[in-house]
S.K.: 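Take this structure, written in structure tokens, and hold onto it; I'll ask about it next.
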Amino acid sequence: MMIAENIKSVLSQIPNSVKLIAVSKTKPIVDLEEAYAAGQRDFGENKVQELIAKYEYLPKDIRWHFIGHLQTNKVKHIAPFVHLVHSVDSLRLLQEIDKEAKKNNRIVDCLIEFFIAEEDTKFGLNLSEAEEILDEIFKENSAFFLQNVRICGVMGMATFINDVTQIRREFQVLYRIFQTLKAKYFFDRPYFSEISMGMSDDYHLAVEQGSTMIRVGSTIFGRRNKF
Ligand SMILES: *Cc1c(COP(=O)(O)O)cnc(C)c1O
């Protein structure tokens, strides 16, 4: 019951245009079923094995978001069904997703993850690293042309800190990165439209700074024992 209420509460605090990804990592199936019964269809997981187990067990109209660090050798396990990979941080990973998507006769949507925080525990690229990759992909006769991957936007995590000014600044950085890439590579591609930013403690700020997708775990499902 609490889970349904928590979802309702988060939804009431964000505009309709912002998607809520319920981050269910480490949480048992019953919790996801409760969220599903409340109408939630977008779920986020950060471990491949856990994602597959939940995918196999739960209804097939769930949209599964992969939000963790993805190893290339595990892409094949999620390529048949994953809805959106939020955490792409290399050309090699994009190529692997493209290859596995092709095998499954699908287009897999991806976001490029950016490092916007001050913590070195977090993953992601900076703008020039991303531009290097996109230059490779989009140059004429590129050997890296990706037929089965669609790059739909950007993702980032702010520093785990209480300083509102700093968090806001980090989200602004990601928003500007999005606009820069949109203008340079994706101006004629309307699907490049997603900015995945905002978690339990900072989603209000993220939405204020232009987030289109928030990834909320503990506020919906309660605290986790492990990350
Ligand atoms: C765990 C996680 C979240 C959700 O975190 P909460 O603080 O529990 O809302 C969001 N994004 C990523 C990438 C995560 O790993």
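Atoms within a ligand are numbered from 1 in the order they appear, just like the ligands themselves.
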S.K.: Thinking salt bridges, do K184 and E131 make one under a 4.0 Å N-O criterion?
M.R.: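 A salt bridge is present here (some side-chain N lies under 4.0 Å from a carboxylate O).
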S.K.: Could you work out, for atom 7 (O) of ligand 1, the closest of S218, G222, G217, G44 by heavy-atom distance?
M.R.: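 Looking at heavy atoms only, S218 sits closest to atom 7 (O) of ligand 1.
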S.K.: Side-chain donor-acceptor pair under 3.5 Å between E136 and S142, yes or no?
M.R.: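 Side-chain D/A pair, E136 to S142: absent.
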S.K.: What atoms of ligand 1 come closer than 4.0 angstrom to any heavy atom of R215?
M.R.: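 Atoms satisfying the 4.0 Å criterion: 4 (C), 9 (O), 10 (C), 11 (N), 12 (C), 13 (C).
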S.K.: For R41 and D61: C-alpha separation, side-chain torsions, deciding distance, then whether salt bridge (charged side-chain N to carboxylate O under 4.0 Å, His left out) applies.
M.R.: CA-CA 7 Å; R41 292 295 179 271; D61 62 339; 3.2 Å; yes
S.K.: Evaluating non-hydrogen atoms only, which member of E45, K25, K47 is closest to atom 14 (C) of ligand 1?
M.R.: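 Among E45, K25, K47, the closest heavy atom to atom 14 (C) of ligand 1 belongs to K25.
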S.K.: When rounded to the nearest 0.5 angstrom, what is the spacing between CD in E194 and SG in C110?
M.R.: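 Reported value, rounded in 0.5 Å steps: 12.5 Å.
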S.K.: Under 4.0 angstrom from ligand 1, any heavy atom of T219?
M.R.: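 Outside the 4.0 Å threshold, so no.
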S.K.: Check each atom of ligand 1 against the heavy atoms of V216 and keep those under 4.0 Å away; list them by number with element.
M.R.: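 Going through ligand 1 atom by atom, the ones under 4.0 Å from V216 are 9 (O).
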S.K.: Please work out, at 4.0 Å between heavy atoms, whether the side chain, the backbone, both, or neither of H86 comes within that distance of ligand 1.
M.R.: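 Contact part for H86 vs ligand 1: neither.
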S.K.: Please find out if less than 6.0 Å separates the ring center of Y36 from that of F43.
M.R.: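 Between F43 and Y36, which both carry aromatic rings, the centre distance is not below 6.0 Å.
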S.K.: Considering only heavy atoms of S200, which atoms of ligand 1 have at least one such atom less than 4.0 Å away?
M.R.: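 Once the distances to S200 are compared, the set is 6 (P), 7 (O), 8 (O), 9 (O).
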S.K.: Any Lys/Arg nitrogen of K54 or E50 sitting under 4.0 Å from an Asp/Glu carboxylate oxygen of the other?
M.R.: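 Salt bridge: yes.
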